[in-house]
Amino acid sequence: MTSAQFPLPVPNLDNQEFFDKCREHRLVLRRCRDCALFSHPPRPNCLNCASDNLEWVESKGRGVVYTFTITRQPVSRAFEGRLPWAVVDVKLEEGVHLISNLVDCDPEEIEIGMAVEVVFEEVNAEITLPKFKRVS
Amino acid sequence: MESLKDQAAIVGIGETVYTRDSGRSELSMAVEAAKTAIADAGLEPKDIDGIVKFTADSTPQGELAACLGIPYLRYYGELGPLGGAACGLVIQAAMAVSRGLANNVVIYRSVNGRSGARYGSGVVTTRRGEGNAAFTEPYGLLVPGQSSALRARRHMHEFGTTERHYGAVALAFRKHACLNPRAIMYGRPITMEDYLNAKMFFDPLRIFDCALEADGANAFVVTSAERASDIKHRPVYIMGSAQALPAASGGSGRSWDDSGASWLAPELFGGAGVTPKDIDVIGFYDHFSTVIITKLEDYGFCQRGEGGPFVEEGRIELGGEIPVNTSGGHLSEAYLQGMNQIIEVVRQLRGDSHAQVENAELGLVDSGDGAGALILRR
Ligand SMILES: [Zn+2]
């Protein structure tokens, strides 16, 4: 048992679609129809050309570990009972980065450059989180 | 357009003792630091007509004014978010005094950062899953040390930076703290072996890589260059200044690769008309040892990727090529959100430091990840 939960996402008007699609086990990203740039987290405008002409595009869900850190001390109550805890930054093939966790992977085996693909973890009826697993 | 160069000066500095449990209110410590700074400038509290604050500080400007017996303020302002405000506040104060909006402005920071809400545990910075935190906090990215660790791990991967490089930063600042009786870590030297054997907190960051949460207060007084000539101490002039707020990354992407420092450096040095080679002493905001290496790169003291080897061989220690954080910095003096580094560099330029850099004429200080920076001259 863990003593405290990590905060759950509080979806808002700009990112509700992302979390709705996660419930369907689909990872979607914002893409600009004017300049084709992908962006994440979801925002109402393009980070390159400021256009609001954006679409939701399903990601292939494949990428590599760009960087990671392993928390080894109970620096806050949320970590009690779940150390060591690894956080990864995954760079997707579409070029955007997602903060996430790896499932079924010993933290000591994580390496930068490791190939990963998305999996979905259902937390409750409202929230499903995209996580990643190693691909061999 | 008239620039701010040499238009204003820091003329008084004040600090309380640094402790782990002050047993005092943040207001009472703020008043003590402000009174000390005002007296250090040879002024009376009633000479102060402007106060600017960290948004994060619990003490309102009006409360500080009340406790100093100042009936009203002609100028007041604030700057957020969180820790990176100090240099930007000096810029606000410099604008105010050089344009006649105020005569003498107090800047302060008072925090029970150890006995009260601790930055290191995430209680100050958490967003409860709202906004872009919806994409970071559910994965257990909760405290500032983890973000610095993500950057540090990437730097190691790209450039071959090692744990010993981060250790060299921690050791340099501890060495400086051992010369400084005000430092919480005064009298507690560490070796590289101690460093490497220490508990890993946010792999690759150890306890010695993290800012020393502390209780205490800092303040200083900024006045116009014109008035500064009548002040009892040698004034320290604000020769260069710049701020940078990089577009929000939402906790991913480019934030691992750059910082405000890389954006503001050209304006900082260009405005002052100097180069990194001219700087005699540095006061970097070191919430983590790892940022010292990237800041040395971003400000141009070495090439990108060369920060690791640069900090070796005592280069950033007193007596080295460019001494950094000569009071011990956030790692070993106290974590006062960049204020105590400014105070130490003022002291250096007055010739009053416990770790005095011989004939120091120019100092560089910064805030946060390069949210703001100043070049100070004696
Ligand atoms: Zn666009």
Trainee: Do you know which two heavy atoms are closest between A:P7 and B:R128, and how far apart they sit?
Mentor: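 Shortest heavy-atom separation between A:P7 and B:R128 comes out as CB-C, 3.8 Å.
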Trainee: Need one label for A:K131: side chain, backbone, both or neither, based on atoms under 4.5 Å from any heavy atom in chain B.
Mentor: side chain
Trainee: Measuring from atom CZ of B:R206 to atom CD of A:Q73, what distance do you get when rounded to the nearest 0.5 angstrom?
Mentor: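 Rounded to the nearest 0.5 Å, the CZ-CD separation comes out at 12.0 Å.
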Trainee: Which value, rounded to the nearest 0.5 Å, describes the distance between A:D89 atom CG and B:S147 atom OG?
Mentor: 10.5 Å
Trainee: Short question: side chain of A:N101, backbone of B:Y139 - any donor-acceptor pair under 3.5 Å?
Mentor: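 Confirmed, A:N101 side chain pairs with B:Y139 backbone.
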Trainee: Flag the one option from A:D14, A:N12, A:L47, A:V87 with the top tally of heavy-atom pairs under 4.5 Å to chain B.
Mentor: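 Looking at each option in turn, the highest pair count goes to A:V87.
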Trainee: Considering residues, nucleotides and ligands other than A:E55, do more than 12 of their heavy atoms fall under 6.0 Å from its CD?
Mentor: yes
Trainee: Taking CG in A:D106 as the centre, count heavy atoms belonging to other residues, nucleotides or ligands within less than 6.0 Å. Is the count above 12?
Mentor: yes
Trainee: Taking C-beta and beyond as the side chain, do A:F68 and B:D203 meet within less than 4.5 Å on heavy atoms?
Mentor: no
Trainee: Tell me whether the guanidinium CZ or amine NZ of A:R72 lies under 6.0 angstrom from the six-membered ring centre of B:F201 and within 45° of its axis.
Mentor: no
Trainee: Of all of B:A149, B:G140, B:A134, which one pairs up most often with chain A through heavy atoms under 4.5 Å apart?
Mentor: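 Of the options given, most contacts go to B:G140.
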Trainee: Kindly check if the number of other-residue, nucleotide or ligand heavy atoms within 6.0 Å of CZ (A:R23) is above 12?
Mentor: yes
Trainee: So for A:N15, is it side chain, backbone, both, or neither that comes closer than 4.5 Å to the heavy atoms of chain B?
Mentor: side chain
Trainee: Using heavy atoms and a sub-4.5 Å threshold, report which of residues 25-36 of chain A line up against chain B, by residue number.
Mentor: none
Trainee: Tell me whether the count of non-hydrogen atoms from other residues, nucleotides or ligands lying under 6.0 Å of CD1 in B:I207 goes above 12.
Mentor: no
Trainee: Measure the spacing between CG of B:L142 and CH2 of A:W85 and express it to the nearest 0.5 Å.
Mentor: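 Nearest 0.5 Å value for the CG-CH2 distance: 9.5 Å.
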Trainee: Just wondering, are more than 12 heavy atoms of other shown residues or ligands nearer than 6.0 Å to CG in B:L245?
Mentor: no
Trainee: At a heavy-atom separation under 4.5 Å, does A:P107 approach chain B through its side chain, its backbone, both, or neither?
Mentor: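 Looking at A:P107, nothing touches chain B.
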Trainee: Hey, are the side chains of A:T71 and B:Q146 touching, using non-hydrogen atoms and a 4.5 Å cut-off?
Mentor: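 A:T71 reaches B:Q146 side chain to side chain.
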Trainee: Quick check on A:E93: does its CD atom have over 12 non-hydrogen neighbours (other residues, nucleotides or ligands) under 6.0 Å away?
Mentor: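 Counting other residues, nucleotides and ligands, CD of A:E93 exceeds 12 neighbours.
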Trainee: Using non-hydrogen atoms only, which part of A:I70 is less than 4.5 Å away from chain B: side chain, backbone, both, or neither?
Mentor: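 Answer is both: backbone and side chain atoms of A:I70 are under 4.5 Å from chain B.
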Trainee: Taking the side chain as every heavy atom from C-beta outward, state whether A:Y66 and B:L150 have any atom pair closer than 4.5 Å.
Mentor: no
Trainee: Rounded to the nearest 0.5 Å, how far does CD of B:E137 lie from CD1 of A:I99?
Mentor: 11.5 Å
Trainee: May I ask you to check whether B:F135 and A:F19 place their ring centers less than 6.0 Å from one another?
Mentor: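 Yes, the ring of B:F135 comes within the 6.0 Å limit of the ring of A:F19, centre to centre.
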Trainee: Using a 6.0 Å cut-off, check whether atom CD of A:E109 has over 12 heavy atoms from anything other than its own residue.
Mentor: yes
Trainee: Can you see which heavy atom on A:I112 is nearest to which on B:R154, and at what distance?
Mentor: CG2-NH1, 3.5 Å
